[in-house]
Engineer: 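My structure is below; once you've seen it, I'll send some questions.
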There are 2 protein chains.
Amino acid sequence: MSNSPKIRNMEEFASVSGLSRPTVSKYFNDPDSVRASTRARIEQSLEEYDYTPNIYAMNQNRKLTKNVGILVPYLADPFFAEIARNVEQRCIDAGFRPTLYSSHGDPNLEVEILESLRSLKPAGVLMAPLGRSSIRGEIEKFCNYVPTVLFDSNIPDLGFAFVGSNNTQFSMLMAEYLCRTGEPPCFFEMQFPSNPNANKRRQGYLDAMERLGHEPKVIKIEGDGWAFEEIGRLGAHKVFETGGFPSSTVLCSNDRLAIGVLTACWEKGVRVGIDSNASIRVAGQDDHPLARYTCPPLTTIAQEYEAISSYAVEVLAKAVEGEKKPHESKLFEGKLIMRDSA
Amino acid sequence: MSNSPKIRNMEEFASVSGLSRPTVSKYFNDPDSVRASTRARIEQSLEEYDYTPNIYAMNQNRKLTKNVGILVPYLADPFFAEIARNVEQRCIDAGFRPTLYSSHGDPNLEVEILESLRSLKPAGVLMAPLGRSSIRGEIEKFCNYVPTVLFDSNIPDLGFAFVGSNNTQFSMLMAEYLCRTGEPPCFFEMQFPSNPNANKRRQGYLDAMERLGHEPKVIKIEGDGWAFEEIGRLGAHKVFETGGFPSSTVLCSNDRLAIGVLTACWEKGVRVGIDSNASIRVAGQDDHPLARYTCPPLTTIAQEYEAISSYAVEVLAKAVEGEKKPHESKLFEGKLIMRDSA
DNA sequence: ATATTAATTTTACGCGCGTAAAAAAATAAT
DNA sequence: ATTATTTTTTTACGCGCGTAAAATTAATAT
């Protein structure tokens, strides 16, 4: 960082530090692998001279790089952006070098990214798969080469482990709350949800309703892709046109659908909320970053962002170190966030 | 892609293709640099055998890599996620290898990312700086080493070029529309906006008001950071507590602030919109992906996402090729999106 | 002080490719 | 057919580092 002559390579840097290159090399691979006094000397030189090892030369012969790929299905969804940020930070803290990718909702792109990822020789990959549309065979092939931890959305038995939310519990928790505080909810979801979590959520709803002795009512709406708000909005309009919701309480499969439902309600002049002059209650699931700011603010189930990302990275680190163990599925419970929409 | 024996390196691949390694190397650097018949032969082999050049070995000795860094200030903001997606795709189309980074609103992280980016020897960088809090000196230093195109938010005279929106025009357009259709607006913004575009927008408002002969009223609210919705919400509440808005029309500096204002209005029981029983109109700027789904849907100014990203990448390609020209500032006009909030 | 152990240096090789220069071959122009 | 031109091959070197083995030195234990 100074005005000293520029260091060209590790040889030179080792020389000005009064050490040999292999020792310096060892330091850069793992600072703790050299004697404390040596380490101090290197780090002092590092302050004095401006040198960074050439990462291309480093990774060329390394058995294992420190690269980690983070792949999410749709980065323009603030939920994934937020969890990606979390995961990214923890990777850095764990000494990895994360790179962020998004499949943009396209299964082919998902596979393409994995392929280009392979050429980066990553130590591991954290992947939230697209879900239903994911090309399982290709992902499986990838998992055979690179330690991969799935998160958010599970593909059964794939990868080293899965870390996500207990989506069944999400819906059960919310359904119970809604039953306790008003009319039992109907369940609002996409007919062919792109994400397998949706199935768990439906099941949680069905279980809760049965246990509480209410008749479950599931509304399945059309729509494809990741424009959930629009799908929810159009779906709700269709429901309004065909007799309305079967209950004055609507539990949506996720927050983004719920946001669309709120918009439809507004457009239809239907008041949403828990106060006296509202005629319908709407709840979501995920605690989307903007759920707090809808009108009315959306009652929802909060994911344990931090616990999930921290555990996912923890497990990945183990996978990278070559630990062998049976496929693990770790699920975190959600928390009820009560707001004014339900 | 077949069951042929695995190719270990370019030497082997050249051999099975019946060519010499330097020729194959040339192909990978630029497929058009070899004879058409040779190219066909290589591409046929590529289908037959499974070979990808080792990118670390490639980039080690290359004067210029094909890597491009894309840096945005805050990826959890869907606006930036969306524009990043656009830019990313166009980089790929242009033959680059983009990598996405987010400063997460932290000026120090912004600089750190640039530093770690340098070790990737990128051909170029597309950067939307944090704005006011950006550490100009460090960014300037970076721009001296790597061809950098700024977008969205300008830092005067920095980098090869700037590509963004004509923010003055944004506010002028909206102010004119609002004046034409109802009470002249007041302007709602953060006291110390993190983004210099905010200043342009204020100026556009002031200009428009002056030209139309109305007295401008600017409301500056407290708040720091990137949680614009919350800042807008709290700011609006404060306004309500201290006598209310000076006009029944509120032009917000951006959509996320506007979303917060809408929430505050809801919480206060103030009806927003253009219909008869609404008492206040609220408008934003940016056409945030969720602006369509607020209640009421937000009237706003749409950025030319695609034009901006396509032009930015175009200019970057020129910069990479070493074209020299004076610092250019290209601004795109916004389009008025009329919805129900104003 | 001696033996033991751990850390470091020396020496040496290889990774997979870029790239430059000269020679050879293929193509195009005359 | 001859010449000029372009493309390809040959040959050869180097990039910056990882890494392995043996020799040396330093730290720790006895």
Side-chain angles (χ1 to χ4, degrees), chain A residues 5-46 49-67 95 97 116 118-123, chain B residues 5-46 49-67 95 97 116 118-123:
Chain A
K6 274 180 191 168
I7 306 293
R8 312 191 138 273
N9 54 34
M10 199 180 274
E11 192 75 55
E12 275 189 32
F13 179 74
S15 154
V16 298
S17 310
L19 295 167
S20 73
R21 188 174 65 75
T23 305
V24 174
S25 168
K26 220 171 162 219
Y27 165 85
F28 278 111
N29 282 330
D30 176 9
D32 285 321
S33 67
V34 301
R35 211 186 302 149
S37 62
T38 315
R39 177 174 178 172
R41 220 152 104 198
I42 292 177
E43 279 164 0
Q44 195 192 321
S45 288
L46 234 33
Y49 302 93
D50 184 9
Y51 169 70
T52 331
N54 179 316
I55 59 168
Y56 296 112
M58 280 181 73
N59 288 327
Q60 176 172 18
N61 301 317
R62 268 235 186 87
K63 303 184 207 307
L64 215 55
T65 69
K66 301 233 171 232
N67 297 333
R97 216 172 181 295
S116 92
R118 277 188 54 181
S119 71
L120 282 181
K121 295 194 218 157
Chain B
K6 274 179 192 169
I7 304 295
R8 312 191 137 275
N9 53 36
M10 200 180 274
E11 192 76 54
E12 275 189 31
F13 179 74
S15 154
V16 299
S17 310
L19 295 167
S20 74
R21 190 174 63 75
T23 305
V24 173
S25 169
K26 220 171 163 219
Y27 165 85
F28 279 111
N29 282 330
D30 177 8
D32 285 320
S33 68
V34 301
R35 211 188 303 149
S37 62
T38 315
R39 177 173 178 172
R41 219 150 105 197
I42 292 177
E43 279 164 0
Q44 195 191 321
S45 289
L46 234 33
Y49 302 92
D50 184 10
Y51 169 70
T52 331
N54 180 315
I55 59 168
Y56 297 112
M58 279 182 73
N59 288 327
Q60 178 172 18
N61 300 317
R62 268 235 184 88
K63 303 184 207 309
L64 214 54
T65 69
K66 302 233 173 233
N67 297 332
R97 218 175 179 293
S116 92
R118 278 187 53 180
S119 71
L120 284 180
K121 296 194 215 157

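Reckoned from all heavy atoms, side chains included, excluding hydrogens, waters and symmetry mates. Bear in mind the structure is a predicted one, so any value in this text is a computation, not a measurement.
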Engineer: Choosing from C:dC17, D:dT9, D:dG16, which nucleotide comes nearest the side chain of B:A57?
Structural biologist: C:dC17
Engineer: Output yes when at least one side-chain N/O atom of B:R62 is less than 4.0 Å from OP1 or OP2 of C:dC17, else no.
Structural biologist: no
Engineer: Using whole Å, report how far CZ of A:F13 lies from C1' of D:dC17.
Structural biologist: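 Distance check: A:F13 CZ to D:dC17 C1' gives 15 Å.
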Engineer: Does D:dT8 have OP1 or OP2 under 4.0 Å away from a side-chain N or O of B:T23?
Structural biologist: no
Engineer: At under 4.0 Å, does any side-chain N or O of A:N29 touch on OP1 or OP2 of D:dG18?
Structural biologist: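 For D:dG18, OP1/OP2 do have a side-chain N/O of A:N29 under 4.0 Å.
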Engineer: From CZ of A:R35 over to P of D:dA26, roughly how many Å is that when rounded to an integer?
Structural biologist: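 A:R35 atom CZ is separated from D:dA26 atom P by 8 Å.
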Engineer: What is the nucleic acid contact for A:P53, judged by heavy atoms within less than 4.0 Å: base, sugar-phosphate only, or nothing?
Structural biologist: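 If one applies the 4.0 Å heavy-atom cut-off, A:P53 turns out to touch the sugar-phosphate alone, with no base involved.
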Engineer: Tell me: NZ of A:K26 to P of D:dA20, nearest whole Å?
Structural biologist: 12 Å
Engineer: Restricting to non-hydrogen atoms, name the atom on A:V24 and the atom on A:A14 that form the minimum distance, rounded to 0.1 Å.
Structural biologist: CG2-CB, 3.7 Å
Engineer: Looking only at N and O atoms, is any donor in the side chain of A:N54 or the base of D:dC17 less than 3.5 Å from an acceptor on the other one?
Structural biologist: no
Engineer: Please state how far atom CZ in A:R8 lies from atom P in D:dG16, giving the value in whole angstrom units.
Structural biologist: 8 Å
Engineer: Side chain of B:T38: nearest nucleotide among D:dT8, D:dT9, C:dG18?
Structural biologist: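 Out of D:dT8, D:dT9, C:dG18, the nucleotide with an atom closest to B:T38's side chain is D:dT8.
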Engineer: Can you name the closest pair of heavy atoms from A:P53 and A:M58 and give their distance?
Structural biologist: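 Smallest interatomic distance, heavy atoms only, reads CB-SD, 3.5 Å.
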Engineer: Taking the nucleotide of DNA chain C with the nearest heavy atom to each, does B:M58 or A:P22 sit closer to the 5' end?
Structural biologist: A:P22
Engineer: Does a side-chain N or O of B:Y27 approach OP1 or OP2 of D:dT7 to a distance below 4.0 Å, or not?
Structural biologist: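 False: B:Y27 side-chain N/O out of range (4.0 Å or more) of D:dT7 OP1/OP2.
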Engineer: Just to confirm, is there a sub-4.0 Å distance from OP1 or OP2 of C:dC17 to any side-chain nitrogen or oxygen of B:S25?
Structural biologist: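 No, no such contact exists.
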Engineer: To the nearest Å, how far apart are B:N61 CG and C:dG18 C1'?
Structural biologist: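 One finds 5 Å between C1' of C:dG18 and CG of B:N61, rounded.
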Engineer: Quick one: does A:R21 reach the base of D:dG18 with a side-chain donor-acceptor pair under 3.5 Å?
Structural biologist: yes
Engineer: Rounding to an integer number of Å, can you tell me how far A:R41 CZ sits from D:dA26 P?
Structural biologist: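 One finds 11 Å between P of D:dA26 and CZ of A:R41, rounded.
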Engineer: Return the CD to NZ distance between A:Q60 and A:K121, rounded to the nearest 0.5 Å.
Structural biologist: 7.0 Å
Engineer: Parallel, tilted or perpendicular: which fits the ring planes of B:Y51 and B:F28, with parallel below 30° and perpendicular above 60°?
Structural biologist: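 Answer is perpendicular, since the angle exceeds 60°.
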Engineer: On DNA chain C, does the nearest nucleotide to B:M10 precede the nearest nucleotide to B:S37 from the 5' side, or the other way round? Give the residue.
Structural biologist: B:M10
Engineer: So which heavy atom on B:Y56 is nearest to which on A:I55, and how close?
Structural biologist: CD2-O, 4.3 Å
Engineer: Select from B:Q60 and B:R39 the residue whose nearest nucleotide in DNA chain D is closer to the 5' end of that strand.
Structural biologist: B:R39
Engineer: Any chance you could lay out the side-chain contact (heavy atoms from CB on, under 4.5 Å) test for B:V34 and B:T23, step after step, and finish with the verdict?
Structural biologist: CA-CA 7 Å; B:V34 301; B:T23 305; 4.3 Å; yes
Engineer: Whole Å only: how far is the CD1 atom of B:I55 from the P atom of D:dC15?
Structural biologist: 22 Å
Engineer: For A:K121 and C:dC15, give me the distance from atom NZ to atom P, rounded to whole Å.
Structural biologist: 12 Å
